[in-house]
Amino acid sequence: MYDYLETLNTPQRNAVENIEGPTLVIAGAGSGKTRVLTYRIAHLINKGVSEKQILALTFTNKAAREMKERISNAVGEECAKNLWMGTFHSLFSKILRIEAEIIGYPSTFTIYDTQDSKSVIKSIIKNKKLDDKIYRPTVVQSRISTAKNNLVTPQSYLNNKDIREADKIKQMPQLGAIYLEYTRRCKKAGAMDFDDLLLETNILFRDHPEVLEKYQRRFHYILVDEYQDTNFSQYLIIKKLAALKKNLCVVGDDAQSIYSFRGAKIENILNFKNDYPEFKTFKLEQNYRSTRTIVEAANSVIKKNSEQIPKKTYSENELGERIELFNTLTDNEEGIEVAKRILQIKNATGCNYENFSILYRTNAQSRIFEECLRKRNIPYKIFGGLSFYQRKEIKDVLAYFKLIVNPQDDESLKRIINFPTRGIGATTVTKLENAAAFNDLSIFDIASDAHNCQLAGLNAGAFRKVQAFVEMINDLSSKVNMLNAFEMVELVCERTNILEEYDFNKNPENKGKTENIQELMNGIKDFTDNSMEEGKSFLILDYISEVALLTDQDKQGGEDTDRVTLMTVHSSKGLEFKNVFIVGLEEKLFPSIKETSLNKQELEEERRLFYVAVTRAEKKLCLSFVKQRSKWGKIEFCTPSRFLSEIDSQYLKMPLESESNIFIKRKENQRKRLEQHQYGHLETQDSIINSIKGVRLDGKIKRMEELAQIDKNVIIGANPEQLKPQTLIKHQRFGTGVILSIEGKDANKKAVIEFDDNGTKTLLLRFAKLQIID
Ligand SMILES: Nc1ncnc2c1ncn2[C@@H]1O[C@H](COP(=O)(O)OP(=O)(O)OP(=O)(O)O)[C@@H](O)[C@H]1O
Ligand SMILES: [Mg+2]
C-alpha cells in the first residue's frame, strides 16, 4: 500500500478529498480525471466507506479492471474485488438479472448483440413484406436504438405523432410497427438488446419504487468517468440512483464528446448545475500525459469549435519533438511507411511495440496496416472490427451456451438447430418458426411438444431428429447450475461434436477455426479460474453475460503482450501511448462527412474526435494522408484533411515550403472559398486570387507545375464528367489552375478556370485537354 495522495497535485487532491455531495470535474485530456476518480474511490474506502456502497461507472471493462488494480494497490485486494465497478451495461445487467422477474423476464435472459438484433429486424421486415431498400435494416436498427435511448417505448412511438415526425419517418411509415414487433419478439425470446439493458433499468426504477429505493440505499457513493458520453437513458438512471444521497461525482471533458451519433448528450454536463444546485466543481488544468508541443497543437485545433465549455490545459512536460506529417501516394504505401517508421523509432528510442498505436477513423482501414505489419514481423493487436467473438465458429459455440441457458432464445436456436448437420432442413425450421409465431410460443416450445410438431406439419422423420435435438438441449440445460463454465464448455463440445465438424482433415481451412474454439476454451478456463466471486462458482450464464458486454476496447485478438495497437479513434478514448500514428487524414474520411452537406454539429464532433486522437500521444505524434485510396475496388483521389491545416504550423515538423504543406494550404484555401460560396458570402475575385496565391509567396514554394510532376496521378485529357468545381487542373498553355464552375451541356460544356498565372478563363472542354492534378 502506498500514499496515493502524494501522487496528486493540489486541485486533484482537493477533488479526491472532498467526498461528500455532488461533484463535477470537467477538464481537458490527460489532466488526471480518471486518476482522480480512481483515488477518490480508494479514499472513500480508506475513510471507512464499505466498498459495497460504491458504484463506479467506466467506459470499458478494461478501464474498470485497471482502476481496480490501482485501487487494490492502495487499499488492498479484498476491498477492490467486491467493488461494483464496470460499464453501464455490465452493472445494470447485473441488477436486471437480480430483479428480472418483476419486469417479466427470466433471470437467465439472453443479451442480443448487434448482429442478433439485426437478424430479428431483417426477419420482421421480410415477414411484413416491406422493401428492405426503403426499410434498411441498419437504419431501422439505429432508429429503434435512438428511440430506446431517449426512453421512447413502442407504444409512445406509435401514439405520439410529434415523435414520429421528429424522427422523419415519412419514408418509413411502418417503423413504429416494426419497433413494436421487435420488442415483442425479444421479450418472447427472453432477450434484451444493449439498449434494453438501460431502458429496462429505467422502467424497473420507474415502476417499482421499492426496488429503486433498495439500490438508492445501497449505493451511497456513485462515480462516473467519461460523463460527456452518457446518453439520456444513462443520465436518468444515475439521477434516480443518486437522488437520495446525492453523493455523485462525475468527470469528463466536453471537448471529447464523440458519441452523439449513439445518443450521447453533452447537455448532461450542463444539466448537472440544474439538477444539483449545491454542486462543487474542480478544475484540473495540467496535462501530465503529453509533451508541450502535443498539448498546444491539440489546443490550437479544438479552439476552432464554437460549442465548448471554456477551460485551459497546459503541460509542464518537456517541449518535445514537433509533430511529423507525411503523405504517400497510395493507402498501401501509407501502411508501408507507418511500419517502417515504427521500426525506425523503436531502434532509435529502444521503446517496445506496446508503446505504439495506429489510430484510424474507420475499421475498414485496418486491413492494410495489418498486412504491412505482418510482412515485417511486427506483432500487433487489433481492437474492434470483426472481433474474435463475432467469428462464425465462436458464435456457433456461444449460441449453444445461450440456448442451453435460455431455450426461448429463437435466434440462437435457428443458428445451431442444424449445426453440426443433423438432418433438420430449412423447411422443417420454417414450419416450426411459423407455428411458434402463430401460437405466440418460442420455437423450442413447439419443438418440445409432439402434438405441436404434428400440427406444424412435421413428418415422422423430421420429428425424430427434432426430438433428439430437444433432448440434447434439455439434458445440457439440466446441468447449467451443476457444472462450472469450463466443465460445461467441454461437455457441450463433446455432446454436439462441433470440433469434429471443424475437423482439419475435412478442410484445411478449418485449422484456424479449431484453434479459435481452443482459444475460446482457454478464455473460459481463465474466467473460471479467476472470476470466483465470494466463493461462488463461475457458471456458463456468468460467462455469456460477460462476453456479450465486451466493448470494442475489450475485444481484441492476440494476447496482451508486446504488440502495436491498432484501433479506431473512438475506441482509443481514455488510453495513452508513447507513439501515436493518426492515419488517413483526408477529407471525407476524417472528417468523415460529405463536403456537400457541411453540418456544423457533425464537423465539430469530428474535430473533437481528432482532438481525442491527438491527445492520446505522450511523446511522438505522426500524422499521415494519402493522395489516392481504394474504395469499393475503385481508386478515389483524396484531399488532405482540413484538420491538418488547423494545427498551428509552429508545432509541425514539416518546413512550410515542403510539398505536402503547400498541398494542404492550397486545398484549405480552396475549401474555405467553396464553403464561403455555399454560405453565400462570396469574396471578390481579387481576394480569392490572393488567398490562393498567399501560399506561394517568397518564391520559396514550389510551383504547381513541379507539384504536378511529383503527383503521379495525372489523367491525360480528363473526361469532362470528372471535372467539377474545385478540381485542380493543368492546361498545356495556361498552366495550373482551379475550376470555379462548369457551364453549358454536352459539346458546349465549358469550365471557368482560375489559372495561377493567367487569370480567369472560360474554356470549352472539348478542346481544352485538361489534366487533373490531384
Ligand atoms: N499528479 C500527477 N502526477 C503524475 N502523473 C499524473 C498526475 N495526474 C495524472 N497523471 C498521469 O497523466 C496521465 C493522464 O491521466 P488520466 O488518464 O487520469 O487523465 P484523463 O484526464 O482521464 O485523460 P482523458 O481525458 O484522456 O481520459 C496518466 O498517465 C496519469 O497517470
Ligand atoms: Mg480518462
Side-chain angles (χ1 to χ4, degrees), residues 2-17 23-43 56-71 73-74 85 87 223-230 249-259 264 266 269 281-292 294-295 298-299 302 308-309 311-318 320 354-355 357 359 551 553 567 569-580 582 608-619 621:
Y2 69 103
D3 187 0
Y4 49 87
L5 291 175
E6 284 297 305
T7 70
L8 301 168
N9 66 24
T10 311
Q12 290 175 336
R13 192 172 168 148
N14 288 341
V16 164
E17 289 185 314
T23 304
L24 175 68
V25 181
I26 294 298
S31 58
K33 295 181 296 298
T34 303
R35 191 183 184 100
V36 160
L37 204 82
T38 311
Y39 292 137
R40 200 175 153 102
I41 295 170
H43 198 67
L57 294 147
T58 58
F59 205 69
T60 64
N61 300 296
K62 185 163 170 259
R65 272 199 305 279
E66 286 170 6
M67 283 164 81
K68 270 192 184 179
E69 223 174 277
R70 298 227 168 89
I71 295 169
N73 290 337
M85 180 181 263
T87 61
L223 303 99
V224 189
D225 197 5
E226 306 278 3
Y227 191 64
Q228 75 280 358
D229 279 324
T230 46
C249 169
V250 304
V251 312
D253 177 6
D254 56 306
Q256 294 185 67
S257 163
I258 54 174
Y259 279 98
I266 226 164
I269 297 181
T281 179
F282 295 91
K283 271 200 216 162
L284 313 178
E285 295 182 334
Q286 182 169 358
N287 173 306
Y288 285 89
R289 176 179 296 145
S290 317
T291 63
R292 267 157 39 215
I294 292 170
V295 171
N299 286 346
I302 199 66
Q308 54 182 317
I309 300 173
K311 62 180 138 29
K312 277 192 279 188
T313 319
Y314 67 93
S315 165
E316 286 185 359
N317 292 345
E318 55 173 345
E354 63 187 342
N355 300 127
S357 118
L359 306 180
T551 65
Q553 251 188 34
M567 55 169 45
V569 182
H570 276 103
S571 305
S572 76
K573 204 164 65 140
L575 305 180
E576 53 194 23
F577 301 89
K578 277 208 171 56
N579 308 290
V580 170
I582 310 174
R608 291 194 292 269
L609 197 53
F610 184 59
Y611 173 77
V612 168
V614 169
T615 53
R616 297 311 97 200
E618 293 170 18
K619 299 254 180 234
L621 178 62

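All values derive from a computational prediction rather than experimental measurement. Order of listing sets the numbers, starting from 1, for every ligand and every atom in it.
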Only one of D229, T230, T34 passes side chain to side chain contact (heavy atoms under 4.5 Å, CB included) with F59, and that residue is D229
Heavy-atom contact under 4.0 Å between N9 and ligand 1?
yes
If you have a sec, work out which protein heavy atom is nearest atom 8 (N) of ligand 1 and how many Å separate them, to one decimal?
Q12 NE2, 3.0 Å
Taking N or O atoms only and a 3.5 Å limit, does L8 qualify as a polar contact for ligand 1?
no
Contact atoms of ligand 1, heavy-atom distance to T7 under 4.0 Å:
1 (N), 2 (C), 3 (N)
Looking only at heavy atoms, the pair that brings A255 and Y611 closest together is O-CD2, 3.6 Å
Under a 4.5 Å cut-off applied to non-hydrogen side-chain atoms, are I582 and F610 in contact?
yes
List the steps and the verdict of salt bridge (Lys or Arg N to Asp or Glu O under 4.0 Å) for R70 and E66.
CA-CA 7 Å; R70 298 227 168 89; E66 286 170 6; 5.4 Å; no
I'd like to check whether A29 has a polar contact with ligand 1, where a contact means an N/O of the residue lying under 3.5 Å from an N/O of the ligand.
no
Which residue and non-hydrogen atom of the protein lie closest to atom 4 (C) of ligand 1, and at what distance in Å?
Y288 CD2, 3.6 Å
Contacting atoms of ligand 1, where contact means under 4.0 angstrom from a heavy atom of G574
27 (O)
Within less than 4.0 angstrom of ligand 1, does Q286 place any heavy atom?
no
Check step by step if salt bridge (Lys or Arg N to Asp or Glu O under 4.0 Å) holds for E318 and K619.
CA-CA 9 Å; E318 55 173 345; K619 299 254 180 234; 3.1 Å; yes
Numbered atoms of ligand 1 (with element) below 4.0 Å of R616, judged on heavy atoms
26 (O)
Are the side chain of R616 and the backbone of L575 linked by a donor-acceptor contact shorter than 3.5 Å?
yes
Nearest option to atom 7 (C) of ligand 1, as decided by whichever heavy atom of Q256, R35, E6 sits closest:
R35
Counting non-hydrogen protein atoms only, what is the nearest one to atom 17 (O) of ligand 1? Give residue, atom name and distance.
R289 NH2, 3.1 Å
Donor-acceptor check, side chain of S315 to backbone of S290, threshold 3.5 angstrom: yes or no?
yes
Side chains of K283 and K311: does their closest heavy-atom pair fall under 4.5 Å?
no
Suppose I only count heavy atoms of G32 and a 4.0 Å limit; which atoms of ligand 1 are within that range?
9 (C), 15 (O), 16 (P), 18 (O), 19 (O), 20 (P), 21 (O)
Contact between ligand 1 and A27 is defined here as a heavy atom of the residue under 4.0 Å from a ligand atom; is it met?
no
Among all protein heavy atoms, pick the one closest to atom 29 (O) of ligand 1 and tell me residue, atom and distance.
E576 OE2, 2.5 Å
How about E69: does its CD atom have over 12 heavy atoms from other parts shown lying under 6.0 Å from it?
no
Counting only heavy atoms closer than 4.0 Å, does ligand 1 sit against the backbone of K573, its side chain, both, or neither?
neither
Students should be able to answer this: which protein heavy-atom is nearest to atom 21 (O) of ligand 1, and at what distance?
K33 NZ, 2.7 Å
Heavy-atom closest pair (N317 atom, R292 atom, distance to 0.1 Å) is O-CD, 3.1 Å
